[in-house]
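Have a look at the structure below, then the notes.
When a ligand or atom number is given, it counts from 1 through the structure's own listing order. The figures here come from the full heavy-atom set of this structure, side chains too, leaving out hydrogens, waters and symmetry mates.
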Amino acid sequence: MRLAVNIDHIATVRNARGEQDPDPVAAALLAEQCGAAGIVCHLREDRRHIKDDDLARLRKAITTKLDLEMAMTDELQQIALKTKPELITLVPEKREELTTEGGFDIDRHFKGLLAFIKPFKPAGIEVSLFIEPEKKAIDLSAEAGATMVELHTGLYAQKQGGEQKLELERIRKAAIYAKSIGLKVVAGHGLNYLNIAPFRKLTEIEEVSIGHAIIARAVFTGLDEAVREMLRIIR
Ligand code: PXP
């Protein structure tokens, strides 16, 4: 199973001071060096973390695979076609949410999606839809022209015990079905160091997309050396 690393929250920290550091592009290159198979960034409508300039610099620097998460808007469509990431992942986006809150409502947006997805294939950009692990959403994704689905694991991450097992089973069945109809299958949202292990058995899932847990962990795995280095200088 491959790992794609979402570097949005490096930009969140950088933006807190409006300065250059930490640079999400440097973080992306480090993640690649460590074995990440791809880099994910979400250019949100309000640009709260990744900015247009970050996306352009990421495009130039990334040597694995750039996955641009984005809402289905005309503005983002133009940016994506110009930037040419290897992959776009369409997500539902609400301005007031802290993070993406669930899968795409394909039923509601189906007509618009067909037209929206059309220009990406000739541009050599693969399209993935972030959806709930449900048969209907998978069927509609394929009909709309997506070649990949990202199964939403947020509910799995929120649940515990038996309820979590049930949600994992729902994801497993969805992954098997999506693969059987020819879609590539990835998964993400809320995955962390404690809940990821069972996914190793879900061989239909080619890749997991993880952001928050990795950036949060990096603060603590890196803080020790950062404090010692400053002390070495001031002493
Ligand atoms: N996949 C999608 C579609 C997302 O929107 C996000 C959050 O940006 C992720 C994966 C990563 O989620 P997390 O930050 O919880 O690992």
Side-chain angles (χ1 to χ4, degrees), residues 1-15 24 27-28 31 34 36-51 54-55 58 65-73 76 80 85-106 109 113 117 126-134 137-138 141 146-159 164 167 171 174-175 178 183-199 202 205-219:
M1 181 181 278
R2 302 187 305 262
L3 170 67
V5 177
N6 180 315
I7 43 84
D8 290 346
H9 292 311
I10 300 290
T12 305
V13 175
R14 182 218 28 214
N15 297 352
C34 297
I39 300 298
V40 189
C41 72
H42 185 172
L43 190 66
R44 293 187 75 102
E45 215 185 342
D46 61 9
R47 308 296 197 267
R48 71 174 70 148
H49 37 58
I50 294 294
K51 313 273 186 201
D54 295 325
L55 178 64
L58 282 166
K65 180 184 72 178
L66 178 61
D67 175 4
L68 172 60
E69 270 182 28
M70 53 183 255
M72 198 178 80
T73 68
L76 265 306
E86 278 75 17
L87 170 71
I88 60 161
T89 300
L90 294 178
V91 297
E93 187 177 307
K94 296 189 212 107
R95 217 166 244 261
E96 64 280 8
E97 71 193 355
L98 287 177
T99 179
T100 317
E101 282 171 354
F104 212 93
D105 184 352
I106 308 198
H109 297 288
L113 256 181
I117 289 177
E126 187 152 31
V127 176
S128 176
L129 294 181
F130 182 55
I131 57 168
E132 294 302 320
E134 290 163 359
I138 294 166
S141 300
T147 53
M148 185 186 291
V149 285
E150 179 175 335
L151 302 177
H152 176 223
T153 52
L155 255 184
Y156 162 81
Q158 280 167 18
K159 305 257 184 218
Q164 191 176 53
E167 188 57 22
I171 294 167
L183 292 168
K184 294 179 192 167
V185 190
V186 301
H189 212 277
L191 296 176
N192 62 36
Y193 294 85
L194 297 175
N195 65 21
I196 190 67
F199 280 78
L202 308 191
I205 298 178
E206 297 176 16
E207 184 174 289
V208 284
S209 169
I210 306 183
H212 186 81
I214 291 177
I215 306 307
R217 174 65 61 100
V219 171

List ligand 1 atoms under 4.0 Å from Asn6, heavy atoms only on the residue side. 8 (O)
Quick one: are Val91 and Met70 in side-chain contact, heavy atoms under 4.5 Å? no
Nitrogen or oxygen of Gly190 less than 3.5 angstrom from that of ligand 1: yes
Modelled atom types, side-chain donor and acceptor of Glu150 and Ser128, under 3.5 Å: no
Quick one: CG on Leu3 to CG on Leu191, what's the gap to the nearest 0.5 Å? 10.0 Å
Quick one: which ligand 1 atoms are inside 4.0 Å of a heavy atom on Val91? 3 (C)
So, Lys65 and Glu207, do they make that salt bridge, N to O below 4.0 Å? yes
Just to be sure I read this right, does ligand 1 sit under 4.0 Å from the backbone of His9, its side chain, both, or neither, counting only heavy atoms? neither
Which of the ligand 1 atoms, numbered from 1, are nearer than 4.0 Å to a heavy atom of Glu150: 1 (N), 2 (C), 3 (C), 10 (C)
Test salt bridge (charged side-chain N to carboxylate O under 4.0 Å, His left out) applied to Asp54 and Arg14, Arg47, Arg44, the passing residue: Arg14
The atoms of ligand 1 lying under 4.0 Å from a heavy atom of His212, numbered in the order shown, are 13 (P), 14 (O), 16 (O)
Considering all heavy atoms of both residues, which atom of Asp8 and which atom of Val40 are nearest to each other, and what is their separation? OD1-O, 4.3 Å
Determine, using heavy atoms of Ser209 and all atoms of ligand 1, whether some pair is separated by less than 4.0 Å. yes
Check ligand 1 against Phe130 and write out every atom of the ligand that is under 4.0 Å from a heavy-atom position of the residue. 3 (C)
Check the angle between the aromatic planes of His189 and Phe130 and answer parallel, tilted or perpendicular using the 30° and 60° thresholds. tilted
Considering His189, His152, Glu69, His49 one by one, which has a heavy atom nearer to atom 2 (C) of ligand 1 than any of the others? Glu69
